[in-house]
Colleague: 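Quick one: the structure is below, questions incoming.
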2 protein chains.
Amino acid sequence: MQRSMGILGTRWKPIIIYTLRDRKARFGQLDALIENISRKVLTSSLKELEEDGIVLREEFKELPPRVEYALTEKGKALIPIMCQLAKWNEEYYEEPAPLIL
Amino acid sequence: MQRSMGILGTRWKPIIIYTLRDRKARFGQLDALIENISRKVLTSSLKELEEDGIVLREEFKELPPRVEYALTEKGKALIPIMCQLAKWNEEYYEEPAPLIL
DNA sequence: TAAAGTAGTTACCTTTGCGTAACTATCAAA
DNA sequence: TTTGATAGTTACGCAAAGGTAACTACTTTA
């Protein structure tokens, strides 16, 4: 478990994996699909996920350049887990009580 | 998903939940069961997990004091997910290549 | 020649996560 | 009166995570 969390224990990486659950995506698409993430964190997270064998980076030698990101087998094995996590929130989420000022 | 990760997206919280999957535990037990965690992070993580309705803190008015932590229903719903995460690592973990010096 | 599109990078800064070590409070037992 | 046990807290600081804004490189199109 400690090793799993060493790889995934950040705010954004599971979200990136979840976003790639049913599609490949280009860098710019990920940036648009994932709200509030900065390009910098997206870059570094993708790089680390690639090093950990979860994401595959495919570069097309075209102009303008195109790069596609997809999950590896190891990454795909996480899809059901990420989906359950999303579902867990839907079941148990409660609106925070409104503040009376 | 962003909300799930807002709650769980740290290195230690999922490990705490995983440790509580099959037992209640006292503060000192958690500290002993979870290797390398500091008491400070344990304290603050437990406090936040309690605020988020995942962990229940039960204080016994005894001497010396006793406090037990257990998962709520919301927390118990995470058990299968955490177990799958642990299993995922067992299946896909590879020893890092030894460095030749 | 300038603008537009893709996939980043770089510099700089703030916040959060986390660690270590020492300290507190309470009461019982030695 | 000192020690021991439990469950923390406090002070201090480092490193990682994360954000913003500006900049790069390349080539096509206007």
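Every chain is numbered from 1 and lettered A, B, ... according to where its sequence line falls, protein lines coming before strand lines.
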Colleague: Whole angstroms only, please: what is the CD-P distance between A/E62 and D/dT27?
Modeller: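 After rounding, the gap between these two atoms is 14 Å.
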
Colleague: Output all residues satisfying side-chain contact (heavy atoms from CB on, under 4.5 Å) with B/R23, sequence neighbours left out; order by chain, then residue number.
Modeller: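 B/R23 satisfies side-chain contact (heavy atoms from CB on, under 4.5 Å) with B/A25, B/L33 only.
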
Colleague: Salt bridge or not for B/E68 and B/R26, using N-O below 4.0 Å?
Modeller: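 No, B/E68 and B/R26 are not salt-bridged.
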
Colleague: With a 4.5 Å heavy-atom cut-off, do A/L49 and A/K13 have their side chains touching?
Modeller: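 Counting from C-beta outward, A/L49 and A/K13 do come under 4.5 Å.
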
Colleague: Kindly state which residues belonging to residues 45-57 of chain B come within less than 4.0 angstrom of DNA chain C, counting heavy atoms of the residue only, listed by number.
Modeller: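 Contacts with DNA chain C under 4.0 Å: none.
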
Colleague: Main chain of B/V41, side chain of B/S44: is a donor-acceptor contact present, judged purely on distance under 3.5 Å?
Modeller: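 Yes.
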
Colleague: Could you check how far NZ of A/K61 sits from C1' of D/dT27, rounded to whole Å?
Modeller: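 Value for this atom pair: 15 Å.
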
Colleague: Does any pair with a residue in residues 28-40 of chain A pass side chain to side chain donor-acceptor pair (under 3.5 Å), and if so which ones, sequence neighbours excluded?
Modeller: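 Residue pairs with at least one partner in residues 28-40 of chain A: A/D31-A/R39.
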
Colleague: Who passes side-chain contact (heavy atoms from CB on, under 4.5 Å) against A/P65, sequence neighbours left out?
Modeller: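 Checked A/P65 against side-chain contact (heavy atoms from CB on, under 4.5 Å); matches are A/L63.
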
Colleague: Are any non-hydrogen side-chain atoms of B/L56 and B/Y69 less than 4.5 angstrom apart?
Modeller: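 No, side chains not in contact.
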
Colleague: So if I take residues 25-44 of chain B and measure heavy-atom distances to DNA chain D, which residues fall below 4.0 Å?
Modeller: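 Heavy-atom contacts with DNA chain D come from B/R26, B/F27, B/G28, B/R39, B/K40, B/T43.
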
Colleague: Taking the side chain as C-beta and beyond, is there a heavy-atom pair between A/I15 and A/I37 under 4.5 Å?
Modeller: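 No, side chains not in contact.
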
Colleague: Are A/E58 and A/K24 side-chain neighbours, meaning at least one heavy-atom pair lies under 4.5 Å?
Modeller: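 A/E58 reaches A/K24 side chain to side chain.
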
Colleague: Identify the pairs formed between an N or O of the protein and an N or O of nucleotides 26-28 of chain C at a distance under 3.5 Å, and give each distance.
Modeller:
none

Colleague: The criterion is side chain to side chain donor-acceptor pair (under 3.5 Å); which residues satisfy it with B/E59, sequence neighbours excluded?
Modeller: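 By the side chain to side chain donor-acceptor pair (under 3.5 Å) rule, B/E59 matches B/R57.
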
Colleague: Mind checking what makes side-chain contact (heavy atoms from CB on, under 4.5 Å) contact with A/R3, not counting sequence neighbours?
Modeller: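 Only B/N89, B/Y93 meet the side-chain contact (heavy atoms from CB on, under 4.5 Å) criterion with A/R3.
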
Colleague: Sorted by first residue and then second, give each salt bridge (charged side-chain N to carboxylate O under 4.0 Å, His left out) pair with at least one member in residues 76-90 of chain B; sequence neighbours left out.
Modeller: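 Non-adjacent pairs meeting salt bridge (charged side-chain N to carboxylate O under 4.0 Å, His left out): B/E73-B/K76.
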
Colleague: If you define the side chain from C-beta out and look only at heavy atoms, does anything of B/L8 sit under 4.5 Å from B/L78?
Modeller: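 The answer is yes, as the side chains (C-beta and beyond) meet within the 4.5 Å cut-off.
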
Colleague: Could I get the full list of side-chain contact (heavy atoms from CB on, under 4.5 Å) partners for B/I7, not counting sequence neighbours?
Modeller: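 Checked B/I7 against side-chain contact (heavy atoms from CB on, under 4.5 Å); matches are A/W88, B/D52, B/I54.
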
Colleague: Which parts of residues 3-18 of chain B get close to DNA chain D, meaning a heavy atom less than 4.0 angstrom away?
Modeller: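 Here the set is B/R11.
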
Colleague: C/dA7 C1' sits how many Å from A/E58 CD, rounded?
Modeller: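 That distance rounds to 15 Å.
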
Colleague: If you look at every strand shown and take non-hydrogen atoms under 4.0 Å, does B/F60 touch a base, only sugar-phosphate, or nothing?
Modeller: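 Here B/F60 touches no strand at all.
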
Colleague: Using C1' atoms of five pairs at each end, report the bend of the helix from C/dT1-D/dA30 to C/dA30-D/dT1 rounded to 10 degrees.
Modeller: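 The angle, to the nearest 10 degrees, is 30°.
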
Colleague: State, yes or no, whether a side-chain contact exists between B/I16 and B/I34 at a heavy-atom distance under 4.5 Å.
Modeller: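 The answer is yes; the side chains approach within 4.5 Å.
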
